[in-house]
Amino acid sequence: MRRRAVTWEGRGFVVSAIREQTGSTDPDASSRRPSQRLRRWLLEHRVDSVPGPAAKESNHEHPWWKVMCLTGVDYFSTLSYLPGIAALAAGVVSPLATLLIVVLTLFGMLPMYRRVAEESPNGQGSVAMLERLLPFWRGKFFVLTLLGFVATSWIITITLSSADATAHFVENPFAPGWLTDHPVLITVVLLLVLGAVFLAGFSEAVWVAVPLVIVFLLLNGVVVAVGLVQAIGQPLVLSGWWNALLSMGGFGSALATAFAAFPLLVLGLSGFETGVSMMPLVKADGVTPEERLRNRIANTRKILTVAAVIMSGYLITTTFITTLLIPPAEFQSGGRANGRALAYLAHELLGNAFGSVYDVSSILILWFAGASAMAGLINIVPRYLPGYGMAPEWARAVRPVVLIYTAVSIVLTIVFRANVDAQAGAYATGILAMMVSAGFAVTMSARRRHRPRAELGFGLVTLVFTYALIKNILEHPDGIAISLAFIAGMFVISLVSRLTRATELRADDIDFDECAVTLIGACIDQGALHVIANKRQAGDLAEYQNKEREQRSLNPIPQTCPIVFLEVDVTDPSDFSQVLHVRGVQIDGYRVLRTESPAVPNALAAVMLGIRDATGVRPHLHFQWSEGNPVTHLLRYILFGQGETAPLTREILREAEKDLERRPVVHVGG
C-alpha cells in the first residue's frame with residue numbers, strides 16, 4: 001500500500017511525501033531487501049502499473065521513425081516466412097490473396113488502429129477500450145479472455161520467429177553439417193539466449209531495432225528488384241502463371257480461393273497492436289501535456305501509416321516473385337524454400353555470398369521479433385493482472401515472468417518441433433482474435449460518437465475478421481486449443497491469486513481531508529480513539545443515535561469518551577485497489593468519516609492504520625456480529641466487497657501489522 005503519512009498539529013495537518021510500495025504498514029518495509037540473494041535478484045526490476053490519463057511520460061522517448069523500426073522488427077520480419085506460407089495456402093493464387101490482405105490493411109486495419117491510437121494514447125490498446133465498455137466482473141473476465149489470445153499471439157511470435165531463424169540457418173550452404181539435423185535444439189538455444197538477454201536487462205531496444213530494420217528492408221528491396229526483372233523479363237514464366245490462374249475456372253474461382261486462403265495470411269497484420277503498445281516511447285513536442293498528447297497521437301498515426309504502406313508494397317511484390325520464380329515443390333515441408341522463400345531467391349538470384357548476408361539479416365530480425373514480443377508480454381501482466389488482484393505482486397517483476405514465458409516457449413517449440421508451418425494456425429488464431437476485439441471496440445466507439453458511416457465500415461471489417469477467425473479455428477484447431485489453454489491458465493491463476501490476496505490492505509494511497517483531520521483530533525481522548533464501523537442506511541440523526549447507543553452497550557467504549565463513525569461505500573467490487581479519499585462530515589453533532597473502496601474490510605483496516613501512523617494513537621474499531629451463514633458472507637465479500645466485516649478486518653490488520661502492541665484493536669459485540 002502507498003500511504004501518505006499525516007501528522008496532526010493541534011487541529012491542523014501536514015501531509016508528508018512518505019509512500020510505501022508494499023502491502024505492509026511498516027514504514028521501513030519499502031527499503032528492505034529480500035533476505036535471499038536469488039529472490040533479491042529476481043525481484044530487482046519491476047514494471048509500472050497500468051498507465052492512465054495521468055500517466056507519467058516516458059523518459060526514453062524517440063522520434064517516430066525509430067519507434068516504427070522497433071514495431072517493424074515484428075511487422076516487417078514476417079516477410080521472411082509469409083510468402084512461403086502464402087504459397088502453401090493459395091498456390092498460384094497467393095498474389096491475389098496477398099492483395100486482399102493489402103486492401104484490408106490500408107482500408108480496414110489502418111483506419112481502425114488510427115482510432116485505437118487516439119482512444120488509448122498511453123499504449124493500452126484495444127483491450128483497454130473494451131474494458132471501459134464492460135464494467136464490473138464482466139469487464140475483468142472479458143479482459144482475461146482477450147489476454148489469453150494476446151498471450152497466444154505473442155508467445156507464438158517468439159517460437160515461430162525463432163523457428164524461422166533456425167530454418168534460415170539450417171538451409172544456409174555454409175552452416176555446419178553437424179547442426180543442420182537438429183532444428184529443435186537450435187531453436188531452443190535461440191530462446192534461451194533471448195531469455196538470458198532479458199534476464200540481464202534489455203533497455204536499448206530502439207537502437208538495436210533501427211539498423212536491423214533498415215538493413216533488412218534494403219536487402220529485401222534488392223531481392224524484389226532483381227526478382228521483378230527476372231519474372232517480367234521471362235515471358236514464359238509470366239504466361240505460365242497466368243495460364244495456371246485461368247485453368248482454375250475463371251477470375252471468380254481464383255478470387256474465391258484467395259479469400260479462402262487469406263485467414264492464414266493475417267500474419268502480415270501483426271504489427272498494428274504492437275505499434276499502438278509502443279506509443280509511450282514516441283517523442284512528442286509541445287508546451288502543455290494536452291499538446292504533447294495530440295502530437296504523440298499524430299506521430300503514432302505516422303508510424304502506423306508509413307509501416308502499412310511499406311509492408312503493403314513488400315507483400316505484393318514478394319509474393320508475386322516467389323510464386324513465379326520458385327518451384328511449388330520447394331515450398332513444401334523439407335523444401336529449400338519452406339519458411340524462407342525470399343532467402344531462397346536471394347541465394348538463387350544473387351549468389352551464396354549475398355544469400356548468406358540475407359540469412360544473417362533474417363536471423364537477427366527474426367530473433368529480435370521474438371524480443372519485441374517478449375517485451376510486450378513483460379508489459380501486459382503488470383498492466384492488468386496484478387492491478388486486478390489476479391496475479392501476485394511479484395508478477396510486476398521482469399525476471400520471473402521472463403523465466404515463465406521462456407519455459408512456455410521452449411515447451412511449444414518441442415511440441416511443434418520448431419516447424420514454422422505447424423505454428424502458423426496458432427499464430428493466426430491469436431492475431432485474428434486481437435483484430436476482432438479491436439474491430440468491435442472501434443465499432444462501439446463509432447456508435448457512441450454517432451458516426452453511422454464509421455460504424456458500418458468498422459462493423460464490416462469486424463465481420464471479415466470474425467469470419468477469418470472462425471475459419472481458422474475450424475481448419476487449425478490447435479491454435480484455439482493453445483489459446484484456450486492460456487485462457488484457462490489465466491482464469492485459474494486469477495482465481496487463486498484473488499483468494500490469496502483477499503487479506504491485503506488493497507489501498508494505493510490514503511488522503512484525509514481537513515475536516516476528517518479535525519474530527520479525528522477532536523475524538524482523541526487520553527491517548528485513545530474509538531471508531532464505530534457503520535453501514536450507512538438513512539444517514540440521519542436517528543441512525544447515528546441508535547448506532548452509538550447499541551455500540552456503547554455491546555463494546556467497551558467509555559460513556560464519556562467521544563466517538564467517530566467510519567463508513568465505507570462500495571464502488572466496483574471487481575476492482576482490487578484504489579486511492580482512499582477520507583472525508584469528514586458532521587451530522588447533527590455526530591462526527592463521521594466517509595470513504596469509497598472496492599472492499600469494506602480492507603478499507604477499514606487501511607484507514608485504521610493510516611490514523612495510527614499519523615497520530616501515534618492506537619485506535620479501537622467497534623463492530624457488531626452479523627447474522628447469516630459465514631460461507632455466504634465469504635462469497636459476498638469475494639464477489640461484492642462486503643460480508644462478515646469484523647473478522648475479515650481483524651485478519652487484514654493481523655497480516656498487515658505483526659506487532660500486537662501497535663496493531664489497531666478490533667472489538668466485536670453481540
Side-chain angles (χ1 to χ4, degrees), residues 78-105 160 164 167 171 220 223-224 227-228 230-232 234-269 311-349 419-429 431-432 464 467-468 470-476 478-479:
T78 59
L79 292 172
S80 295
Y81 49 82
L82 191 61
I85 292 175
L88 285 174
V92 295
V93 189
S94 60
L96 288 179
T98 305
L99 184 60
L100 291 177
I101 291 293
V102 169
V103 171
L104 192 60
T105 296
L160 186 147
D164 198 48
E171 292 297 333
N220 275 282
V223 175
V224 166
L228 287 174
Q230 288 286 329
I232 297 174
Q234 298 183 37
L236 290 178
V237 173
L238 193 59
S239 62
W241 173 71
W242 185 251
N243 291 333
L245 279 180
L246 295 178
S247 66
M248 298 187 65
F251 180 76
S253 178
L255 189 61
T257 302
F259 192 76
F262 102 90
L264 269 182
L265 306 187
V266 295
L267 280 64
L269 302 175
M311 190 63 173
S312 296
Y314 272 110
L315 282 175
I316 293 175
T317 53
T318 54
T319 53
F320 180 73
I321 63 174
T322 52
T323 302
L324 267 66
L325 300 178
I326 299 177
E330 297 291 355
F331 290 113
Q332 302 299 320
S333 180
R336 291 184 298 155
N338 181 255
R340 56 185 299 276
L342 289 174
Y344 174 91
L345 286 183
H347 283 275
E348 291 294 315
L349 300 179
N419 188 298
V420 175
D421 299 329
Q423 299 178 71
Y427 188 23
T429 298
I431 292 176
L432 283 167
V464 170
Y467 152 77
I470 295 173
K471 186 175 186 298
N472 188 77
I473 289 173
L474 294 176
E475 294 183 353
H476 302 277
D478 54 342

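Below, all heavy atoms of this structure are taken into account, side chains as well, without hydrogens, waters or symmetry copies. Position 1 is the first residue of the sequence, and the numbers go up from there.
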Drop me the distance from [X]'s [atom1] to [Y]'s [atom2], to the nearest 0.5 angstrom.
X: F320; Y: L315; atom1: CZ; atom2: CG; answer: 15.0 Å
X: L96; Y: I316; atom1: CG; atom2: CD1; answer: 10.5 Å
X: I85; Y: Q423; atom1: CD1; atom2: CD; answer: 9.5 Å

Which pair of heavy atoms, one from [X] and one from [Y], lies closest together, and at what distance?
X: I321; Y: V223; answer: CD1-O, 3.9 Å
X: N472; Y: A428; answer: OD1-CB, 3.6 Å
X: T322; Y: P83; answer: OG1-CB, 3.7 Å
X: S80; Y: D164; answer: CB-OD2, 3.3 Å
X: L79; Y: L342; answer: O-CD1, 3.4 Å
X: T105; Y: S312; answer: CG2-OG, 4.0 Å

Exercise. List the steps, then state whether side chain to side chain contact (heavy atoms under 4.5 Å, CB included) holds for I473 with I470.
Key: CA-CA 5 Å; I473 289 173; I470 295 173; 5.7 Å; no

Quiz item: Which side-chain hydrogen bond (donor to acceptor under 3.5 Å, both in side chains) pairs, counting each pair once, include a residue from residues 84-102, with sequence neighbours left out?
Solution: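 Applying side-chain hydrogen bond (donor to acceptor under 3.5 Å, both in side chains) to every pair that reaches into residues 84-102, excluding sequence neighbours, yields S94-T323, T98-T319.
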
Exercise. Write out all pairs satisfying side-chain hydrogen bond (donor to acceptor under 3.5 Å, both in side chains) with one or both partners inside residues 256-266, taking only residues at least two apart or from two chains.
Key: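 Output for this query is empty, none listed.
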
Quiz item: Within the side chain of N338, is there an N or O that forms a donor-acceptor pair under 3.5 Å with the backbone of F331?
Solution: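 A pair under 3.5 Å: yes.
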
Quiz item: Please, which pairs that meet salt bridge (Lys or Arg N to Asp or Glu O under 4.0 Å) have at least one residue in residues 313-339, sequence neighbours excluded?
Solution: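 Listed by first then second residue: E330-R336, R336-E348.
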
Quiz item: Can Q230 and L325 be said to form a side chain to side chain contact (heavy atoms under 4.5 Å, CB included), step by step?
Solution: CA-CA 8 Å; Q230 288 286 329; L325 300 178; 4.1 Å; yes

